[in-house]
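Below is one structure, written out as structure tokens; comments come after it.
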Protein chains: 2
Amino acid sequence: MSLIVDNIRGEAAPTEALLPAATGSTRADSVFDSLRTAIVQGELAPGSKINEPQLSKLYGISRGPLREAIRRLEGCKLVEIKANVGARVIELDIQKAIEIYEIREALEGLACGLAAERASTADCVQLRALLTRHEAQIESEDGKRYYQKEGDLDFHYLIVSLSGNTRLFNLLCDELYHLLRLYRVQTSSQPSRPAQAFKEHHRIVDAIEERDAMLAELLMRRHIASAKATLLAQLDHDSELNPIGVGS
Amino acid sequence: MSLIVDNIRGEAAPTEALLPAATGSTRADSVFDSLRTAIVQGELAPGSKINEPQLSKLYGISRGPLREAIRRLEGCKLVEIKANVGARVIELDIQKAIEIYEIREALEGLACGLAAERASTADCVQLRALLTRHEAQIESEDGKRYYQKEGDLDFHYLIVSLSGNTRLFNLLCDELYHLLRLYRVQTSSQPSRPAQAFKEHHRIVDAIEERDAMLAELLMRRHIASAKATLLAQLDHDSELNPIGVGS
DNA sequence: TACAATATTATTGTCAACAATTTTTAGGGT
DNA sequence: ACCCTAAAAATTGTTGACAATAATATTGTA
């Protein structure tokens with residue numbers, strides 16, 4: 001068991017090499033991107049320490065821009081910094097995931113309602129096309145659940161962008177979605193009930209096509225609430241096993 | 001007229017002296033706080049450039065920690081950074097303010113509903129006491145609208161904290177509320193309809209006391225929506241004057 | 001005067017070294 | 001063996017200097 005714990009909480013380092021530093025972008029920006037994907041994809045284990053000398057050597061940069069990148073990660077809530085101690089990759093337990101889903105439910109409900117008010121006919125066509133495309137993908141290569149995960153996010157991505165609220169877009173797509181990805185990786189959770197989800201997606205597009213903002217918001221909130229319910233059930237199940245957080 | 005413009009957009013510097021660097025906190029943290037309040041209170045004019053040598057001299061620190069503070073400000077959406085060019089204080093036009101209010105409506109609605117589900121009886125008493133206290137303050141020193149502004153935020157602050165969702169609390173209190181303050185300073189907007197607002201506040205507390213989550217959410221959303229409506233009316237009014245953004 | 005190209009200045013990005021703090025290790029006492 | 005204390009190592013916080021880029025001023029020309 002301690003093997004697993006060590007694996008999860010160890011001081012894992014990302015396998016990435018240094019990037020060629022794309023023009024128009026500073027080193028701090030590139031290393032921020034690299035670190036973010038490293039964290040979100042689980043290469044930097046949750047709870048593990050961010051070692052500045054080690055990472056600066058790995059990426060071939062000095063600690064100055066690295067620290068700026070870390071400060072940006074802090075802004076995205078992907079690491080937590082304690083003064084004079086350093087940064088650690090965030091750990092998402094079920095409790096925190098539920099908090100995120102509560103927020104997501106409210107914000108994506110808003111986005112979906114706005115999308116229904118503002119989406120053009122062409123937008124609706126695009127939205128429906130995206131759904132059918134993903135559906136076909138799933139049916140053909142049934143084994144690879146991977147696409148379904150990303151496909152699901154594509155759908156939500158598009159709707160949020162149709163809301164026309166750029167701040168909302170940034171909030172969801174630049175912050176919350178990364179946290180969701182991280183949680184999925186940490187718990188290696190499969191997307192449950194794909195068939196049901198697709199049905200719900202189509203109902204949501206129906207509502208948007210009909211410019212029914214209230215219904216669109218309601219359906220999206222319900223759609224996300226059902227995912228949240230799965231988490232809640234898991235939380236209740238776990239707390240039944242360990243009544244007051246008693247470890248082994 | 002150019003006088004006003006210069007005053008608003010000039011490279012104003014905050015009048016703050018360097019802080020004694022509270023223990024347990026790094027210099028980057030203190031200067032982050034200083035800069036944030038300087039921006040929110042309008043001492044650093046919206047749109048003005050963040051000059052690193054100038055600010056580092058003013059605060060008596062080097063550019064390293066200053067840049068980390070700036071990166072944190074970027075995370076709070078208080079400044080915008082362009083690579084190789086630098087950071088500028090954000091400018092909030094009505095359009096952006098409306099986006100914020102849309103988000104705030106959804107999130108505070110959520111917070112209020114959760115508060116209704118989770119608040120203890122003592123919490124409700126505290127909430128009501130806060131209201132009556134502010135009411136008395138307003139009636140006594142009617143002239144000072146200042147208290148009403150902050151008092152209004154106090155009320156919302158408390159409700160958000162009662163939601164029990166810490167991420168929601170951080171999102172609203174550490175990010176959105178600062179932006180609201182900034183917008184109020186930028187437009188020197190007075191809180192409209194204080195009497196009506198107090199009535200709505202009491203109805204909201206009523207709903208929370210009765211553990212009526214749906215009603216509490218509805219009332220809070222409506223409460224914020226009416227503030228948003230004022231902005232929208234202003235936007236329509238302005239666009240009537242300058243049909244397609246024609247300056248003087 | 002107006003305009004374009006160039007030179008100058010200022011500012012940002014980056015680095016390597018030093019200071020301050022924390023963590024780890026070693027040692028001694030009970 | 002345990003725990004407390006002190007030295008050593010490692011890591012974070014900070015600084016000043018240098019390189020790269022952008023903004024500004026200057027000059028030349030039509």
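The figures that follow rest on heavy atoms only: side chains count, while hydrogens, waters and symmetry mates do not. Chain letters run A, B, ... following the sequence lines, proteins first, then strands; residues in each count from 1. Every value quoted in this text rests on a predicted model; they were computed, and no experiment measured them.
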Any donor-acceptor N/O pair, Glu175(A) side chain to Lys77(A) backbone, under 3.5 Å: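 Between the backbone of Lys77(A) and the side chain of Glu175(A) there is no qualifying donor-acceptor contact (under 3.5 Å).
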
Flag, side chain of Glu99(B) to backbone of Arg167(A), donor-acceptor distance under 3.5 Å: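 Yes, the answer is positive, given that a donor and an acceptor are paired below the 3.5 Å cut-off.
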
Presence of salt bridge, Arg118(A) and Glu102(B), under 4.0 angstrom: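 Arg118(A) and Glu102(B): salt-bridged.
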
Between Thr26(B) and Asp29(B), a side-chain donor and acceptor under 3.5 Å: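 Asp29(B) and Thr26(B) do not have a side-chain donor-acceptor pair below 3.5 Å.
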
Using a 4.0 Å heavy-atom cut-off, does [X] contact any base of the nucleic acid, only the sugar-phosphate backbone, or nothing at all?
| X | result |
| --- | --- |
| Gly64(A) | nothing |
| Pro65(B) | base |
| Leu66(A) | nothing |

Arg63(B), nearest nucleotide to its side chain (from dT11(D), dA17(C), dG13(C)):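 So the side chain of Arg63(B) is nearest to dG13(C).
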
From [atom1] of [X] over to [atom2] of [N], roughly how many Å is that when rounded to an integer?
| X | N | atom1 | atom2 | result |
| --- | --- | --- | --- | --- |
| Leu55(B) | dT15(D) | CG | P | 14 Å |
| Lys49(A) | dT11(D) | NZ | P | 8 Å |
| Arg67(A) | dG13(C) | CZ | P | 17 Å |
| Lys57(A) | dT14(C) | NZ | P | 21 Å |
| Asn51(A) | dA10(D) | CG | P | 11 Å |
| Tyr59(A) | dC15(C) | OH | C1' | 19 Å |
| Ile70(A) | dT11(D) | CD1 | C1' | 12 Å |
| Arg88(B) | dT11(C) | CZ | P | 13 Å |

Residue mapping more 5' on DNA chain C - nearest nucleotide basis, Glu52(B) or Val85(A):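 Going by which nucleotide is closer to the 5' end, it is Glu52(B).
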
OP1, OP2 of [N] versus side-chain N and O of [X]: anything below 4.0 Å?
| X | N | result |
| --- | --- | --- |
| Thr26(B) | dT12(D) | no |
| Arg27(A) | dT14(C) | yes |
| Asn84(B) | dT11(C) | no |

Aromatic plane relationship, Tyr177(A) with His156(A) - under 30° parallel, 30 to 60° tilted, over 60° perpendicular: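 Perpendicular.
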
